[in-house]
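Right, one structure below, let's go through it.
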Amino acid sequence: MPATHADMPTPSAASLTRMLARAALAAEPAGFGPEVSAKLKICLIDFLSCCFEAYELPTSRQARAIAKPRADGATIIGSDILATPGEAAFANGSTGHGLVREDMHAGSISHHGVVVWPTLLALAQDHGCSGAAMLKAALVGYEGGARLGRALFDADLARLYRPTGTVGPLGGALAGAVLLGLSEDETVAALGLAANTSSGLNQWPHTGASDMYFHPGFAARSAVTSVELAAAGADASETILEGEAGLFAAFRRGPPRAPVALFAGGKAEILAVYNKPVPACNFAQTACQAALRVAGEIEDPGEIETLTVDLPDAAIRYPGCDFAGPFAHALQAKMSIQYGVAAALRHGVVEEANYARLDEPVILHLARLARLRCDAGFSAAFPGRQGAEVTVTLRNGTRINHRLSDVVPATESEIRARFRTAAGERLGLRRADDIEALIDGLETLADAGRIARLCLAGDSAVAARTRQAAAKG
């Protein structure tokens, strides 16, 4: 049902945008306990890890190729390029999404880190901000994007619109406004402008095209632009969220699915974010993990006669997830639950190399053999839990199955190890250690821009001077 004038706030009532701005500006990470700051730091380390590891992918190169260098600009991670904050945010958001291994918030079906961190790193380097300010800004960025995503998206809407592209600009803009210390009115304007850029269509899973990789880049660039416009005095519609032609009316054709209030119940949404263990779609994660356990009990995957995968309804319905091939692009395989399970059964590991084997006969046979089934218990538990069960029968009649009630996230030690590997290969282990140390001490860091400056690679004179300045602190 369309929103009407009756849905709009009375002149005496604060708009939803203003309430979000007030809550964001008043937030303090310390009030949520040390686990919140620790989670934010590990998410930043994981984001950088993804950027370094995905640096040479075609879409990463394409995102860098359109950047216009600026001698005093912001770092495009892993390169020797400094660009305007918006262009750096676009390149870094797109690159960070390249592995499809970015952090995940299931309740909003969104990847907030690949928007929030590119926005904050670019603005911190350009404007000079403390690490404490960055932590607060990241906290509210994840919070705002997650709360809006929970209220806006369900499985039906997510079949059409990409959640990350839709709520990402708002979370990024909220984070950027807090980082730069904008006033309440300016923060309202930044949110209003960002809402006008909400976008991202979900046609790409049907073809395997690369649109998806650029969604976080578009969102981060829009967030930076919205914050900079607001700081320059631009105005925006204050009722852009709940108004008769606002965000919820446009996308849901009705009111929010749930109340939108930051830190409702005293809880921070960052703690509901998990770091992916598998470089594939969120909805393939648990199924791949269950398949690995099955693979451990099978000597020859060629002996598999039947293969079923039980999942939440949302996993089967998300575009591209229920797809048995043929696979012309790696992204199709990363989205496909059938392919992910088949490759795990075939090789006993889930790694980036799995998605370069698009014509391997055993994988293709198992993918076609796999049958996805909706499990009522898994569906009822989602998004709080994301379960899966993989069951096979062998030609000799043996039945093997493994059931997981929820995804098993990557551990902190796993995240740090893959960061050191990826950053070490690009920058050297000493610089990787320096970056990790800056992030671990983020709340005491006077200049958070040092993190991005140390992420510059190459031998250009500008890059060398920038890194030297960052190293000196």
Side-chain angles (χ1 to χ4, degrees), residues 3 7-9 13-27 85-86 89 93 105 108 110 112 115-120 122-123 127 133 136-153 161 163-200 216 218-252 255-256 258-264 269:
D7 298 314
M8 299 175 66
S15 67
L16 178 53
T17 311
R18 187 166 294 278
M19 289 190 290
L20 292 176
R22 286 176 181 169
L25 294 170
H105 183 267
S108 59
S110 296
H112 301 291
V115 179
V116 168
W117 294 120
T119 300
L120 295 182
L123 289 174
H127 292 267
K136 175 177 176 176
L139 172 67
V140 300
Y142 275 93
E143 185 75 16
R147 296 286 178 177
L148 285 165
R150 282 189 188 275
L152 185 63
F153 276 94
Y161 298 102
T164 301
T166 305
V167 300
L170 286 145
L174 193 62
V178 168
L179 181 76
L180 298 191
L182 299 193
S183 68
E184 181 180 306
D185 287 342
E186 290 169 333
T187 303
V188 168
L191 284 170
L193 293 165
N196 279 279
T197 71
S198 292
S199 62
F218 292 141
R221 182 167 60 190
S222 293
V224 169
T225 301
S226 299
V227 170
E228 291 180 331
L229 281 171
D235 195 9
S237 305
E238 184 166 331
T239 53
I240 192 69
L241 299 179
E242 71 271 45
E244 63 177 318
L247 186 77
F248 284 100
F251 284 95
R252 287 200 56 79
V260 183
L262 302 191
F263 310 111
E269 289 282 3

Identify every side-chain donor-acceptor pair in residues 169-183 under 3.5 Å, counting partners at least two apart or on other chains, and give the distances.
unit_1, atom_1, unit_2, atom_2, d
Ser183, OG, Glu186, N, 3.1
Ser183, OG, Glu186, OE1, 3.3

- Test side-chain contact (heavy atoms from CB on, under 4.5 Å) applied to Leu241 and Leu191, Leu20, Leu152, Val260, the passing residue: Leu20
If I take atom [atom1] from residue [X] and atom [atom2] from residue [Y], how far apart are they, to the nearest 0.5 angstrom?
| X | Y | atom1 | atom2 | result |
| --- | --- | --- | --- | --- |
| Asp185 | Asp235 | CG | CG | 8.5 Å |
| Glu242 | Thr17 | CD | OG1 | 5.5 Å |
| Ser237 | Asn196 | OG | CG | 6.5 Å |
| Thr164 | His112 | OG1 | NE2 | 7.0 Å |

Restricting to non-hydrogen atoms, name the atom on [X] and the atom on [Y] that form the minimum distance, rounded to 0.1 Å.
| X | Y | answer |
| --- | --- | --- |
| Arg22 | Ala14 | NH1-CB, 4.0 Å |
| Ala234 | Ala189 | O-CB, 3.4 Å |
| Thr187 | Ala21 | CG2-CB, 3.6 Å |
| Ala195 | Ile240 | CB-CG1, 3.5 Å |
| Lys136 | Leu25 | NZ-O, 2.5 Å |
| Ala24 | Leu262 | N-CD1, 3.7 Å |

- Message: Under the criterion side chain to side chain contact (heavy atoms under 4.5 Å, CB included), I'd like the reasoning laid out for Val167 against Phe251: C-alpha separation, chi angles, the key distance, then a yes or no.
- Response: CA-CA 11 Å; Val167 300; Phe251 284 95; over 6 Å; no
- Residue list, salt bridge (charged side-chain N to carboxylate O under 4.0 Å, His left out) with Arg147, at least two apart or on another chain: Glu143, Glu269
- Message: In the structure I gave you, are the side-chain heavy atoms of Phe153 and Ser110 within less than 4.5 Å of one another anywhere?
- Response: no
- Item | Results of side chain to side chain donor-acceptor pair (under 3.5 Å) for Ser199 - residues two or more places apart only | none
